[in-house]
Every structure is written in C-alpha cells, then in structure tokens.
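Just so it is clear, the model here is predicted, and its values are computed rather than measured. By convention in this document, chain letters (A, B, ...) are assigned in the order of the sequence lines, proteins followed by strands, and residues within each chain are numbered from 1.
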There are 2 protein chains.
Amino acid sequence: MLDDLDRRLLEILVKDARTSLKELAAQVGLSSPSVSERLRRLEERGVIRAFTVEIDPLALGYTLQAIVRIRPLPGKLHIVQKLIEEIPEFGECDKVTGDDCFVARLFVRSIGDLDGILDRIADKAETSTAIIKAQPIRRRPPPLDATAPRDKAKILQAS
Amino acid sequence: MLDDLDRRLLEILVKDARTSLKELAAQVGLSSPSVSERLRRLEERGVIRAFTVEIDPLALGYTLQAIVRIRPLPGKLHIVQKLIEEIPEFGECDKVTGDDCFVARLFVRSIGDLDGILDRIADKAETSTAIIKAQPIRRRPPPLDATAPRDKAKILQAS
DNA sequence: AGGCGTCGGTCGAGATCGTCAAGCATTTTA
DNA sequence: TAAAATGCTTGACGATCTCGACCGACGCCT
C-alpha cells in the first residue's frame, strides 16, 4: 500500500517540502517523471494531506499558548463545538473519551486575550486551562518506517 | 515587522506551499524576484519555520491517537522528558503549568501499542490517557491578520 | 504456452519557472 | 543636500517540470 520508495520520498518532503523533483529523483534512484507520478498518487490517495508552511506563532504576536480541556454543560455539546470551531485562536481541537469532552490548543497574544476567549464559552462549558511553558516536542509525524511492531497483545499471548 | 503583503503571502502558502513564485507574485501584485526576496527574509527571520508536508497518520497505519497527561514522579522529570522525546510515537508534547507537567499526543497502531508505550513510563510518572474520537479542528495557524485586539485588560480598564 | 492489457518505469523536447545582474525610485542618514 | 540603503522592476539565462512516446515486467485469460 505504501512502498519503501514512497516512505523515503515522504521523509525527505517532511524535512523540506520544496525539494525539487530532480533532487528527490536522485535521492531515491528514479527519474523525475516517476517521482512526480508517485507524489500525485500519494496526494490523490490522501496520504499527503497538504503541502504547507509552518509558521512561528510568536512572529505573529501570539506570545502565549494554552491547552484547554473543555467539558460542555448538559445539552450544550454541539453549541460548544461550533463555538470552538469559529474562534480562530483555537489552533487544534480533539474530541476525546473521558470526562473532558474536548482538548484544545489556544494561541493568544496576552493573558487578557485568553480570559476574553474563555469567557465566551464559560456559560456553556466547564474549562480547565494549562499555560504552555515549553514545547519539548513540536508537531512531528509518526515514524514512517514500518517498524514498531511492539504490539502488547502479542506479548501477552506469549506469556 | 510583518506587512500586509507578507501576511497575504503566508496565507497563500499555508494553503499550498507549492504555489509558484510567479503565481504568488500575481496574487499580491509584485514581481517574482520581490516575492522570492520576501520569502527568503521570512525564512531568515524564522517567521516561516519550515516548508513541509502534512501526512495522514492513518495512511501509515496509525489508527489511533491519544492525548496523554503526564505527571512525573518526584525527581523523575528530566528522565521522563527524555523518554518522551525518544519515543517517536509521541507526535507532540507541551510542558504546561498545573498538576500535569506534560501534555502529549500519541500516534499508535493499536490499543496494544498504546499500552506498551505507556508501560515504558509507568514506573516514572502518573499518566492519564484520553483516546481521540474525532478531530473537530486539525492543526491550523492562528489568525494572520492583525485583528483580534479583544484584549480583556482594556475592557476591564474601561469598566 | 502464447497473447494481451495494465502498471510503472525511462527518455527527450518543449514549456515553464526561478535566479541573477543591472538599473531606478524613494526614503533615511550623515 | 548629497550619499547610502531599501525595495522594487525588467530581461536574459539556466534549471526545472511536464507531456507524449515508448519499453519491459507481470498477471490473466483462452
């Protein structure tokens, strides 16, 4: 479904999406039309979701990030979700199992901004906020190589 | 520090980082060498952190994602952080204020994998895990336009 | 076994794109 | 006020991408 050459191409592109077809071709040992075709298909299949740039939020004045756990009040789930989606300062939001329904990332320019945004959902949900002090790991893709068969189920069976 | 043209360029590139200089130039009304120079400086200044591709984890077999809150046991903070950084399935990790020291995102192929990875830090930290059921907002940058001056501090002063 | 369609690859030519040097207008600085 | 620094445009050159034509391996059917 995704052969070794594909994985190598992805690995290179994750590091620099502007790598030329020629360069990609050289690194994996194909011709550039072949690489072009492979990329086209990776995109078509949705493996590559997008070519994009990563922007430093600080450069835009967003000096603060926070992780917010959100528990909508009974009956307010959909309204809360819609609200979150419409507030552009939410840079990420996951719907999760457990007491907290949503876990979201917030980019703000100041503590005042943070307060202002949380106020907008305060009457529809309980929130708990954690300010981000450092980012030991910034967004990175999972391992591309097909290793990591450390499935615990097998270990359990074995014992 | 970042003028309107820069912001428009970024906005286009976030949507498609492969947009040609010619196309960018046409859309903002400059010549391509000018655009090239602007991009060069945006990169140099660190505003653009990287050109990259966004990969669908599902395409790589990672059918499960989880948000893990991690509270290292006394004295184990650094060991835990190092461990997290070294486990490639952690796709993101923030160090935050509050009881939970770290909040991390985990990409796994199965529940068994999840268990296996959590076991590796179980003796050094308390963890609480939430499985991701849906992603209402996938990673997106904060608003590029300089609006959003909804600073609560001012509102407080006004009242 | 032989023929045939498909898939994924190469090659080469033409079109497109990026980069460089030169030059110009505007603003800042001395 | 003159000089220097910015930031832009233009045009030409070199590199890159894309398209069509062609080729070989593989699987399938008769």
Visitor: Treating B/Arg45 as the side-chain partner and A/Ala59 as the backbone partner, does any N or O pair qualify as donor plus acceptor under 3.5 Å?
Guide: no
Visitor: Whether B/Lys82 and B/Glu85 form a salt bridge (side-chain N of Lys/Arg under 4.0 Å from carboxylate O of Asp/Glu) is what I want to check.
Guide: no
Visitor: Between atom SG of A/Cys101 and atom CG of A/Leu73, what is the distance when rounded to the nearest 0.5 Å?
Guide: 11.5 Å
Visitor: Hey, is the main chain of A/Ile70 close enough, under 3.5 Å, to the side chain of A/Thr127 for a donor-acceptor pair?
Guide: no
Visitor: For A/Glu23 and C/dG18, what is the distance between atoms CD and C1' respectively, to the nearest whole Å?
Guide: 16 Å
Visitor: Linking I/L/V/M/F/W/Y whenever their side-chain heavy atoms sit closer than 4.5 Å, directly or via other members, would B/Val103 and B/Leu118 fall into one cluster?
Guide: no
Visitor: What integer distance in Å separates A/Asp4:CG from C/dG8:C1'?
Guide: 16 Å
Visitor: Does the protein touch nucleotides 7-13 of chain D at the base, only the backbone, or not at all? Give it as B, S and - per nucleotide, heavy atoms under 4.0 Å.
Guide: SSBB---
Visitor: Provide a list of protein-nucleic acid N or O atom pairs under 3.5 angstrom, restricted to nucleotides 23-25 of chain C.
Guide:
none

Visitor: Can you name the side-chain contact (heavy atoms from CB on, under 4.5 Å) partners of B/Ser20, sequence neighbours left out?
Guide: B/Lys22, B/Glu23
Visitor: Can you measure from CD1 (B/Ile55) to CG (A/Leu42) and round to the nearest 0.5 angstrom?
Guide: 9.0 Å
Visitor: For the helix from C/dA1-D/dT30 to C/dA30-D/dT1, figure out the bend between the end axes, five pairs an end, and round to 10 degrees.
Guide: 30°
Visitor: I need the CG-C1' distance between B/Leu21 and D/dC17, as an integer number of Å.
Guide: 14 Å
Visitor: Could you tell me the separation between the CZ atom of A/Arg40 and the P atom of C/dC7, rounded to a whole number of Å?
Guide: 12 Å
Visitor: Evaluate the side-chain proximity of A/Val96 to B/Ile132: yes if any heavy-atom separation is below 4.5 Å, no if none is.
Guide: yes
Visitor: Take atom NZ of B/Lys22 and atom C1' of D/dC17, then tell me their distance rounded to the nearest Å.
Guide: 13 Å
Visitor: Just so I know, are the side chains of A/Glu54 and A/Arg138 near enough to count as touching, which here means a heavy-atom distance under 4.5 Å?
Guide: yes
Visitor: Salt-bridge test for A/Asp3 and A/Arg38: reply yes if a basic N is under 4.0 Å from a carboxylate O, no otherwise.
Guide: yes
Visitor: Listed in order of residue number, which residues of residues 45-53 of chain A have a non-hydrogen atom at under 4.0 Å from DNA chain D?
Guide: none
Visitor: Return the CZ to CZ distance between B/Arg105 and B/Arg139, rounded to the nearest 0.5 Å.
Guide: 8.0 Å
Visitor: Are A/Arg120 and A/Glu89 ion-paired here, with the side-chain N under 4.0 Å from a carboxylate O?
Guide: no
Visitor: Please determine whether a side-chain nitrogen of the Lys or Arg among A/Glu37 and A/Arg40 lies less than 4.0 Å from a carboxylate oxygen of the Asp or Glu.
Guide: yes
Visitor: Measuring from atom CD1 of B/Ile137 to atom CZ of B/Arg140, what distance do you get when rounded to the nearest 0.5 angstrom?
Guide: 4.0 Å
Visitor: Side-chain heavy atoms nearer than 4.5 Å, only ILVMFWY residues, links allowed to pass through others: does that put A/Ile67 and B/Val68 together?
Guide: no
Visitor: What residues in residues 12-20 of chain B put a non-hydrogen atom under 4.0 Å from any atom of DNA chain C?
Guide: B/Ser20
